[in-house]
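Read through the structure below, which is laid out as structure tokens, and then see the notes.
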Amino acid sequence: MFTMNRDGSSRKKIFLASLLFMGLAHLTFLKQYVKGAIFALIEIVVLLMSPHIVRTIVGMITLGDPKPGLTVFEKDHSMFMLIDGIIIVAVLFVFISLYAISVRGAMSTYKDYCALGQLPSNRRILTELSTKAFPVTALSPLVVLILFFVVVPLVFSACVAFTNYSSPAHIPPNNTVDWVGFDNFKTLFGGNETWTGALGRVAAWTLVWATAATVTCYAGGMLMAVIMHETKLKISPFFRTIFILPYAVPAVVSMLVWQNLLNGSFGTINRTLIELGWMTQATTIPWLSDATLAKFTCVLINLWAGFPYFMLLTMGSMTAISKETFEAARIDGASRFQVFKSITLPSVIYQTMPLIIMSFTHNINNFGAIFFLTGGNPVVADSTTTSAKGTDIVVTWIYNLTLNLQKYHYAAVLAVCIFVVLAPFAIFNFRRTKSYKEGEL
Amino acid sequence: MANSEKKPEAPDKIPETKMSESEKIKFAEERADRVERATRMAEERARAAKRKAGSPESATSDDSGKTSDESAIAKEKTLSHYNAIQRFRTRTYKVFIVIFLSLISLVVLYPLIYAVSAAFSPGRSISATSIIPFGGGFTAKHFERLFTETNYLIWFKNTLIIAAGTSLSTVLVCSLSAYVFSRFRFVFKKSMMLALLILQIFPSFIGMIAIYVILLRIGGLDSLWGMVLIYLAGNIPYNTWLVKSYMDSIPRAYDEAARIDGASSARTFFSIILPQAKPIITFLAIVSFTGPWMEFIFAKLILRSNENQTLALGLFSFVTDRKNEFTLFCAGAIIVAIPFVVFFVITQKVLVSSLAGAGVKE
């Protein structure tokens with residue numbers, strides 16, 4: 001009954017069989033019983049679970065109904081329903097991938113049969129299974145972890161952007177959450193003056209901050225590296241050791257120390273300046289409490305913390321430039337500055353370009369530098385409503401919205417914005433990777 | 001192209017695999033150009049050497065002041081006068097540079113010295129400390145308080161467990177996956193690698209609410225292993241790529257030899273590939289070990305009970321508005337920071353090359 005022709009005419013039959021039920025073609029036509037049984041078992045499990053799957057997905061779509069009569073524990077918890085739904089969708093995605101793999105496997109076995117005239121022996125199937133078992137087992141932790149701790153949370157975040165999950169009226173389990181479409185986006189992008197204003201302010205400062213932080217650190221690091229490389233002082237290694245200290249000290253520690261040193265009234269820096277007679281108690285510099293000055297302070301302190309990284313980076317790249325190039329330039333009569341301008345700078349920039357991009361994206365997400373230095377302070381006009389303070393960047397604002405205000409829906413919208421802004425950089429860096437250039441991907 | 005300057009033999013092989021005719025020609029031209037430049041440079045160097053031997057004048061541009069040059073200079077009075085001016089200039093230039101570097105060093109060291117002095121000075125808040133480092137007396141009582149009155153040791157132990165767990169699991173998962181990505185062909189390989197690359201740019205706390213709920217579901221809230229899972233998952237995307245690109249550079253001949261000798265894939269990985277990839281594995285182990293020490297957001301979100309706090313949370317609690325114990329904070333902070341500083345100072349040479357390597361390789 002389950003016979004195949006060698007001339008390829010049974011292609012359709014096998015394709016349909018493998019599509020009809022996972023592993024069916026393996027069990028019947030191709031006589032790969034172990035493989036077929038595993039595939040069939042997977043499908044049976046999924047089918048047995050199907051009522052649960054359907055219920056969960058329906059739950060994800062409705063996000064539960066308010067059931068006023070029930071106690072808190074019996075009510076629908078919209079967020080659990082949403083997450084369970086996403087997890088189920090992820091599992092279904094894996095299942096569909098497996099299905100595709102099984103169909104493809106069946107088709108390729110049939111192709112081999114057409115060419116060779118016989119099915120692979122049981123022994124060959126077993127050895128094939130055991131060699132394939134290694135990559136599958138080795139990759140499964142990665143797949144599971146990435147799926148549940150990276151992909152599902154990101155998808156969840158994206159979904160929340162389209163709900164009204166927020167304090168005070170829509171916090172489960174007491175209340176349910178509903179889908180609201182693009183309402184949150186509308187509010188943030190023009191619908192509500194306070195929120196739109198806050199978003200514009202924070203977004204602009206985030207971009208200014210990321211650019212300024214990257215440029216200053218890069219320029220500062222390169223300046224130090226070039227000075228030390230050019231002068232070839234005997235004590236250069238000593239200075240280098242001092243200069244990498246900010247890189248070595250954990251950011252939380254150094255930023256909190258700076259925060260205390262820069263404190264307006266009792267910080268050491270202002271007290272020192274008073275002692276020196278350069279100012280009086282009344283005219284102290286509000287390093288961190290004036291909205292504009294605090295931004296400068298942030299960039300300045302970030303320069304302190306960030307230049308060592310680029311200094312080391314530039315030093316590394318400069319040693320990679322061949323000595324002959326320098327020599328040739330000097331023999332041709334180039335001055336030091338010309339050598340720097342035409343040889344060192346272009347090659348260092350070329351080599352460190354991906355890292356500049358990475359540093360820019362890192363600074364957009366540089367939670368520590370802002371949160372531990374200023375905590376987002378000082379407070380500005382709309383801070384009580386929006387929780388966005390003077391030096392808050394988008395990520396610290398997300399943190400405030402989530403943990404202080406519990407406006408999860410707006411936090412999610414901001415996360416989506418970060419995604420949209422950062423995606424081009426990811427693609428740019430991807431196109432520069434070796435694997436992409438060599439055509440592997 | 002960045003690689004071509006380092007080891008010119010590598011790009012010479014590439015054109016045979018994939019390059020259009022015009023590109024091939026261009027490449028050959030470039031190569032000819034390079035050869036020509038090299039010979040020209042060699043000639044010029046020879047000429048320069050001759051010039052150097054003949055007239056010491058040209059040596060003045062070389063500020064390293066070699067003794068043989070100096071003895072030659074001494075012969076000509078006018079020239080030596082000129083040279084003295086030159087040397088004076090170089091010397092003032094150098095003094096200026098040293099002063100500049102010292103000033104920068106002062107700025108760099110200022111907060112660090114101040115933190116160390118605060119750790120040893122009496123008083124609790126920053127307003128009680130002297131503005132001159134070590135000017136307000138010396139005491140070790142903050143360290144004493146740290147170990148007797150606070151949970152510092154518990155925080156340290158928790159953080160150590162999380163860091164060690166993260167480091168170990170990251171190395172294991174990333175290197176295994178990188179090996180599979182580097183050596184095996186399978187369906188969805190491309191899409192999986194692309195997904196990793198895109199996921200890599202998002203800070204994991206964007207999805208912190210979902211991670212919280214998932215940990216709640218599997219009973220991982222307020223637990224150290226829950227933290228390890230979060231950090232591990234966050235480390236995977238970038239580091240798998242990093243290790244994979246390193247493993248791509250290990251010759252496949254090794255694996256094939258092992259396979260012919262009958263080694264299984266697992267055996268090949270553990271006894272052939274892993275030892276070969278030791279530099280990147282060490283780097284990965286260190287980076288993933290140092291990361292959790294000062295991570296704050298997830299620790300704050302996940303770890304609630306007193307006995308599960310980490311160092312970052314504990315130290316932060318010293319300087320929040322309610323408690324202003326800056327000196328205690330400094331004492332706790334320098335205990336953590338010292339191993340980091342020592343480590344970075346010792347490995348700075350390696351850091352320079354590995355950072356540059358990361359730049360070139362990506």
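Per chain, numbering begins at 1; letters A, B, ... match sequence-line order. If you're wondering where the values come from, they're calculated on a predicted model, not measured in any experiment.
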Between [options], which has the largest tally of heavy atom pairs under 4.5 Å with chain A?
options                                : answer
B:Trp293, B:Phe316, B:Phe186           : B:Phe316
B:Ala195, B:Pro237, B:Ala266, B:Ala115 : B:Ala266
B:Ala333, B:Ala233, B:Ser265           : B:Ser265
B:Ser177, B:Gly332, B:Cys330           : B:Ser177
B:Thr290, B:Ile209, B:Leu216           : B:Ile209

Task: B:Tyr114/B:Phe326 under ring-ring contact (aromatic ring centres under 6.0 Å, His included): CA gap, chis, key distance, verdict - done: CA-CA 11 Å; B:Tyr114 202 85; B:Phe326 184 66; 7.1 Å; no
Under 4.5 Å from any heavy atom of chain B, what part of [X] do you find: side chain, backbone, both or neither?
X        : value
A:Ala251 : neither
A:Met224 : side chain
A:Ile242 : both
A:Leu256 : both
A:Leu142 : both
A:Val150 : side chain
A:Tyr399 : both
A:Phe419 : both
A:Met79  : neither
A:Val143 : side chain
A:Phe156 : side chain
A:Asp84  : side chain
A:Leu261 : both
A:Leu276 : neither

What part of [X] gets closer than 4.5 Å to chain A, counting heavy atoms only: side chain, backbone, both or neither?
X        : value
B:Val345 : both
B:Leu301 : side chain
B:Phe329 : side chain
B:Leu215 : side chain
B:Ile218 : side chain
B:Tyr93  : side chain
B:Val98  : both
B:Phe188 : side chain
B:Ile206 : both

Task: Candidate pair B:Phe296 and A:Phe367, rule ring-ring contact (aromatic ring centres under 6.0 Å, His included), full reasoning - done: CA-CA 10 Å; B:Phe296 183 81; A:Phe367 179 85; 7.1 Å; no
Best-contacting candidate, [options], against chain B by heavy atom pairs under 4.5 angstrom:
options                                : value
A:Phe239, A:Phe149, A:Phe425, A:Phe371 : A:Phe239
A:Ile364, A:Leu82, A:Ile269, A:Val155  : A:Ile269
A:Val252, A:Val253, A:Thr268, A:Leu145 : A:Thr268

Open item on the list: For A:Trp258 and A:Trp304, take the angle between the two ring planes, folded into 0 to 90°, and tell me which bin it lands in: parallel under 30, tilted 30 to 60, perpendicular over 60.
Closed with: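 Geometry flag for A:Trp304 against A:Trp258: perpendicular rings.
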